[in-house]
Chemist: 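Just dropping this structure here.
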Amino acid sequence: MKGMNQQLLTISQLARYVGVTVRAVRHYHALGLLPEPKRDSSGYRRYDANAVVELTRIKILVGAGVPLSQVETLMHAKTDVLEKAIVSIKADIAERIAKLAATQKRLDGLQSGDRMFVSEVVADYLDSLRHIGLSATTVSHERDAWILISALYPEQVDAWAVQKKLVITKPDIAALYRRLDEALQWPADDPRFSELAKDMLHISQQQRASSVPDQDKLTSNMQALSLVAGYGVDAFPSWKQLQETIKTLTDKPGQ
């Protein structure tokens with residue numbers, strides 16, 4: 001073996017021996033991680049045994065999750081330096097895993113419909129609307145309304161959703177919600193709007209004694225309140241008719 005000339009490798013041979021792509025080798029050249037040899041007389045770059053060793057080091061470090069920005073420092077680092085760096089890298093990886101898990105949870109929520117857009121508490125309230133028999137159209141609109149409420153009142157939204165869920169479990173309220181759901185299909189001149197409006201006013205008066213958490217926050221911001229109040233009316237013409245009927249009744253003396 002003594003005196004044997006070293007057989008140099010082309011870039012493709014180097015890549016094949018180490019188990020990486022030619023593109024990866026060129027990328028490591030560009031980053032300065034792997035020295036780029038000069039071209040020989042035939043115009044090819046030739047790599048020696050040391051290149052195989054260095055490229056293998058890079059492959060192992062990258063495969064272990066070491067960021068490319070730290071590979072050069074760690075390739076020939078002492079044991080204590082390497083250990084500290086690995087502890088730091090593992091902490092970064094753990095943080096990324098936690099973020100990916102959170103992202104996965106959000107994607108799971110997207111598959112289930114509501115939980116991608118609202119909190120778990122609000123999503124549970126929406127499930128209760130389905131349970132009492134409301135249509136997908138109404139539940140979808142309610143979800144969007146709660147997205148709006150979440151943006152306007154982020155600190156109060158969950159408490160309000162809990163309160164609403166308690167309210168709609170009452171048989172008379174659940175029945176009223178189902179009639180409101182049916183009213184989406186009523187023509188504007190349907191005589192049932194008058195009776196429905198009276199029932200809504202009656203139940204509303206009964207519910208006034210029930211305190212809503214942070215109610216002052218709901219009523220103090222008139223701009224936010226008007227956005228929430230107008231959202232349903234803008235979405236469904238029949239609800240606009242219902243609102244006008246309620247206004248007519250409340251404007252009458254003795255109502």
Chemist: As an exercise, state the distance from CG of Asp124 to CG of Asp158, rounded to the nearest 0.5 Å.
Modeler: 10.0 Å
Chemist: Output yes when a side-chain donor or acceptor of Thr169 lies under 3.5 Å from a complementary backbone atom of Leu166, and no otherwise.
Modeler: yes
Chemist: Mind checking whether Arg57 and His76 have side chains closer than 4.5 Å, heavy atoms only?
Modeler: yes
Chemist: Should the pair Arg178-Glu182 be classified as a salt bridge under the 4.0 Å nitrogen-to-oxygen rule?
Modeler: no
Chemist: Is the side chain of Arg45 donor-acceptor paired with the backbone N or O of Pro37 at a distance under 3.5 Å, no angle test?
Modeler: yes
Chemist: Distance from Glu195 atom CD to Thr245 atom OG1, nearest 0.5 Å?
Modeler: 12.0 Å
Chemist: Are any side-chain N or O atoms of Asp127 and backbone N or O atoms of Arg130, one a donor and one an acceptor, separated by less than 3.5 Å?
Modeler: no
Chemist: Flag the pair Leu196 / Leu176 as yes when at least one side-chain heavy-atom distance between them is below 4.5 Å, and no otherwise.
Modeler: yes
Chemist: Side-chain heavy atoms nearer than 4.5 Å, only ILVMFWY residues, links allowed to pass through others: does that put Tyr44 and Leu8 together?
Modeler: no
Chemist: Do Leu148 and Val118 land in one hydrophobic cluster if side-chain heavy atoms of ILVMFWY residues count as linked below 4.5 Å?
Modeler: yes
Chemist: If I take atom CG from residue Leu180 and atom CD1 from residue Ile173, how far apart are they, to the nearest 0.5 angstrom?
Modeler: 10.0 Å
Chemist: May I ask you to decide whether Asp172 forms a salt bridge with Lys170, counting only side-chain N to carboxylate O separations under 4.0 Å?
Modeler: no
Chemist: Restricting to pairs with a member in residues 67-80, which pass salt bridge (Lys or Arg N to Asp or Glu O under 4.0 Å), not counting sequence neighbours?
Modeler: none
Chemist: Under the ring pair (Phe, Tyr, Trp, His ring centres under 6.0 Å) rule, collect the residues that match up with Phe193, sequence neighbours excluded.
Modeler: Trp186
Chemist: Can you give me every donor-acceptor pair (side chain of residues 131-139, partner residue at least two apart or in another chain, under 3.5 Å) with its distance?
Modeler:
residue : atom : partner : partner atom : Å
Ser135  : OG   : Thr138  : N            : 3.3
Ser135  : OG   : Thr138  : OG1          : 3.4
Ser135  : OG   : Asp181  : OD1          : 2.7
Ser135  : OG   : Asp181  : OD2          : 3.3
Thr138  : OG1  : Asp181  : OD1          : 2.4

Chemist: Measuring from Asp144:CG to His141:NE2, what's the distance to the nearest 0.5 Å?
Modeler: 7.5 Å
Chemist: Is there a side-chain contact between Val87 and Lys84 in this structure, where contact means two heavy atoms from C-beta onward sitting under 4.5 Å apart?
Modeler: no
Chemist: Atom OG of Ser140 and atom CD of Glu142: how far apart are they, to the nearest 0.5 Å?
Modeler: 10.5 Å
Chemist: Please tell me if the side chains of Ile89 and Leu74 come closer than 4.5 Å, counting only heavy atoms from C-beta onward.
Modeler: yes
Chemist: To the nearest 0.5 Å, what is the distance between CG (Leu126) and NZ (Lys165)?
Modeler: 10.5 Å
Chemist: Strictly below 4.0 Å, N to O, side chains only: are Asp199 and Arg179 in salt-bridge contact?
Modeler: yes
Chemist: Which donor-acceptor pairs under 3.5 Å do the side chains of residues 13-21 make with protein atoms, sequence neighbours left out?
Modeler:
residue : atom : partner : partner atom : Å
Gln13   : OE1  : Thr10   : N            : 2.9
Gln13   : OE1  : Thr10   : OG1          : 3.4
Thr21   : OG1  : Ala24   : N            : 3.0

Chemist: Could you pull out all residues at least two apart from Ser69 that satisfy side chain to side chain donor-acceptor pair (under 3.5 Å)?
Modeler: none
Chemist: Under 4.5 Å between side-chain heavy atoms, counting indirect links through other Ile/Leu/Val/Met/Phe/Trp/Tyr residues: same cluster for Leu31 and Ile11 or not?
Modeler: yes
Chemist: For residues 22-34, pull every pair meeting side-chain hydrogen bond (donor to acceptor under 3.5 Å, both in side chains), keeping only residues two or more places apart or in separate chains.
Modeler: His29-Tyr47
Chemist: Following the transitive rule for hydrophobic clusters with a side-chain heavy-atom cut-off under 4.5 Å over Ile, Leu, Val, Met, Phe, Trp and Tyr, establish whether Val122 and Val162 coincide in one cluster.
Modeler: no
Chemist: Between Ala197 and Ile246, what is the shortest heavy-atom contact and its length?
Modeler: CB-CG1, 3.6 Å
Chemist: I'd like to know whether Leu61 forms a side chain to side chain contact (heavy atoms under 4.5 Å, CB included) with Met75, so could you lay out the CA-CA distance, the side-chain angles of the two residues, the decisive distance to 0.1 Å, and finally the verdict.
Modeler: CA-CA 8 Å; Leu61 289 171; Met75 278 177 66; 3.6 Å; yes
Chemist: Do Val157 and Val121 share a hydrophobic cluster (ILVMFWY, side-chain heavy atoms under 4.5 Å, transitive)?
Modeler: no
Chemist: Does the side chain of Trp146 reach to within under 4.5 Å of the side chain of Trp160, using non-hydrogen atoms?
Modeler: yes
Chemist: Please tell me if the side chains of Ile168 and Tyr125 come closer than 4.5 Å, counting only heavy atoms from C-beta onward.
Modeler: yes
